[in-house]
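Taking it in order: structure first as structure tokens, then the write-up.
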Amino acid sequence: MAKSALQIARAAYEPKLPKTLKGIVEVREGIPTKSVSDPEAIKRLFPNTYGAPVITFTEGTAKKSHPAINVGVILSGGQAPGGHNVIAGLFDGIKNLNPASCLYGFILGPGGLVNHKYTELTADIVDEYRNTGGFDIIGSGRDKLENKEQFDKGLEILKKLNITALVIIGGDDSNTNACVLAEYYAQIGAGVQVIGCPKTIDGDLKNEMIETSFGFDTACKVYSEIIGNIQRDCDSARKYWHFIKLMGRSASHIALECALQVQPNICIISEEVAAKNQSLDDVINYIAGIVARRAVNGNNFGTVLIPEGLIEFIPAIKRLISELNDFLAKHDAEFKKIRRSEQRSYIIEKLSKENADLYASLPETVARQLTLDRDPHGNVQVSLIETEKLLAEMVGNRLAEWTETGKYVGKFATQVHFFGYEGRCAAPSNYDADYCYSLGFTAAGLIAAGKTGYMASVRNTTAPTAEWIAGGVPVTMMMNMERRHGEMKPVIQKALVNLDGAPFRQFAANRDSWALNTDYIYPGPIQYFGPAEVCDQPTKTLQIEQAEKHK
Ligand code: FBP
């Protein structure tokens, strides 16, 4: 395989491990845990895995021998930088337990387990992928593992390959399913442990025990580099307003982190829009207001960061999406038979008056995008909704109205961008390379400790790597009940941007100044080699959160 100079140099990078994972590992068990919400319901649904203690690994003294084990691994959902290093850490971890242990990768996500598509991951294969971006070592997929038939089908191949532990690398939904699978295998005495790893560039799989999901660091750095470049272009030509939508599904963590890194003129935070019960009109007025104020100083240019999930957080649109979700979950087949040209009026006829009126008022393209197929977890595919165009167009219309009344005097030309896929397979930053390798190694430790229904957890990651704290958290501890596909289901609670949290407060304290002044920061590309203060910095979000925690 041909390689770039950076790929060759990067292959030699040795990810740093926490001190406690380097030698003999001892397991320290905490007290029994409870789910974050709805404990009774969750306990009823997970009688075998509920309430287990938090696990911390410490330095041990007595070397234990471990039998050779066969382990399976699955990459689930959207790509995130560092997935290959989780696999490398897992591989090295199980070989460290016993050199005769074997790792099998299931191909193209959870579907590979059900369809018995797998490959053995040998040392040669794993070595090819160390410190590289992407999930191409075995591929990923969004199939949802949710029913008994799939679990039983999966068990057939696990038994055939003598696999006694399965590691699922995924986001909140995939880890929820990992826990359902762990519970089922425990209930039937299948003899297969299931361990999860926190992946997603979205950054919304985090809580007290999971500081961040892997990939968030690298993806945000890639987006911030590009936004920084756009800001320099913007300040050089001084003629465009750039509307930049950023991936991240529901939560605005990516937009917030990029804002902290680049200091744009405007950044919308969906969670704040919802908290303030703002309408689409309010958001438009806010952006147009800043455009008008900058125009007074002759600054007819600027940058607007828009989180991908914004549309779902505008309360009226959220109600519309919720009714559409329930309706389409029940009548999808009927809807698909309606001619494309009649779909809009069909939907308007079926919705309640309030939602039908709002749906009818949306531009044709956005209305259509709201009825596109949900993902297998029942989520609207927000990456397909062109919010950046919607806002650019509507702000333009508002400014035209204001021009008529003399409220605005200026020139408004726009460029629209969507950054998402660009960052998901980037070569992992040193932070993600180390974090992911440690997560994989930790997963091996949890397997050795006989745990199931756990997520690998590596904390204290703003400290030097040697001081990171590795262990495991029972997945049920992170769960609550939510409405999905029209039914209440146990799911890992999504972490949205906390408006009382220090990262948002820091942004809110500065945004008025960033709006009017041109205070852009240009982060530049990720650096893999060089001084630690350039190469090893975690995200601003994590640094600010941890600084507040340790105050
Ligand atoms: P995960 O939650 O599976 O990690 O996916 C992250 C994400 O990149 C979202 O930010 C985005 O909305 C979605 O995937 C896009 O999905 P797809 O890759 O199927 O187009």
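The figures that follow rest on heavy atoms only: side chains count, while hydrogens, waters and symmetry mates do not. One-based numbering along the sequence shown. We count ligands from 1, going down the list as the structure has it; atoms in each ligand are counted the same way.
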Legend entry - Verdict with reasoning, H331 to F335, per ring-ring contact (aromatic ring centres under 6.0 Å, His included): CA-CA 6 Å; H331 302 97; F335 176 67; over 10 Å; no
Legend entry - Salt bridge D202-K494, side-chain N to carboxylate O under 4.0 Å: no
Legend entry - side chain to side chain donor-acceptor pair (under 3.5 Å) against Q506, all qualifying residues, sequence neighbours excluded: none
Legend entry - Numbering as shown, the atoms of ligand 1 that approach G248 to under 4.0 Å (heavy-atom distance): 10 (O)
Legend entry - M247-ligand 1 polar pair, N/O distance under 3.5 Å: no
Legend entry - Subset of ligand 1 atoms that lie under 4.0 Å from at least one heavy atom of Y421: 15 (C), 17 (P), 18 (O), 20 (O)
Inset, instruction - Quick one: look at D202 and ligand 1, take heavy-atom pairs under 4.0 Å, and tell me if it's side chain, backbone, both or neither. - result: side chain
Inset, instruction - Consider every N or O of I201 and every N or O of ligand 1, then say whether any pair is closer than 3.5 Å. - result: no
Inset, instruction - Could you tell me whether some N/O pair between E308 and ligand 1 is separated by less than 3.5 angstrom? - result: yes
Inset, instruction - For the pair D172 and K206, find out whether any cationic side-chain nitrogen is under 4.0 Å from an anionic carboxylate oxygen. - result: no
Inset, instruction - Closest by any non-hydrogen atom to atom 18 (O) of ligand 1: pick that one out of R249, R424, K494. - result: R424
Legend entry - contact_flag G78 ligand 1 heavy-atom lt 4.0 Å: yes
Legend entry - Under-4.0 Å heavy-atom contact with ligand 1, by part of Q79 that carries it: neither
Inset, instruction - Would you verify whether the NZ or CZ of K245 falls within 45 degrees of the ring axis of F418 while also being under 6.0 Å from that six-membered ring's centre? - result: yes
Inset, instruction - If the plane angle is over 60° it's perpendicular, under 30° parallel, otherwise tilted; pick one for F216 and H253. - result: perpendicular
Legend entry - A80 touching ligand 1 at heavy-atom level, < 4.0 angstrom: no
Inset, instruction - Would you mind checking if E364 and R344 are paired as a salt bridge, meaning a charged N to carboxylate O distance below 4.0 Å? - result: yes
Legend entry - Numbered atoms and elements of ligand 1 in range of K199, under 4.0 angstrom, heavy atoms: 1 (P), 3 (O), 4 (O)
Inset, instruction - Could you tell me which residues satisfy side chain to side chain donor-acceptor pair (under 3.5 Å) with Y13, sequence neighbours excluded, listed by chain and number? - result: K16, D434
Inset, instruction - Provide the number and element of each atom of ligand 1 under 4.0 Å from a heavy atom of G77. - result: 3 (O)
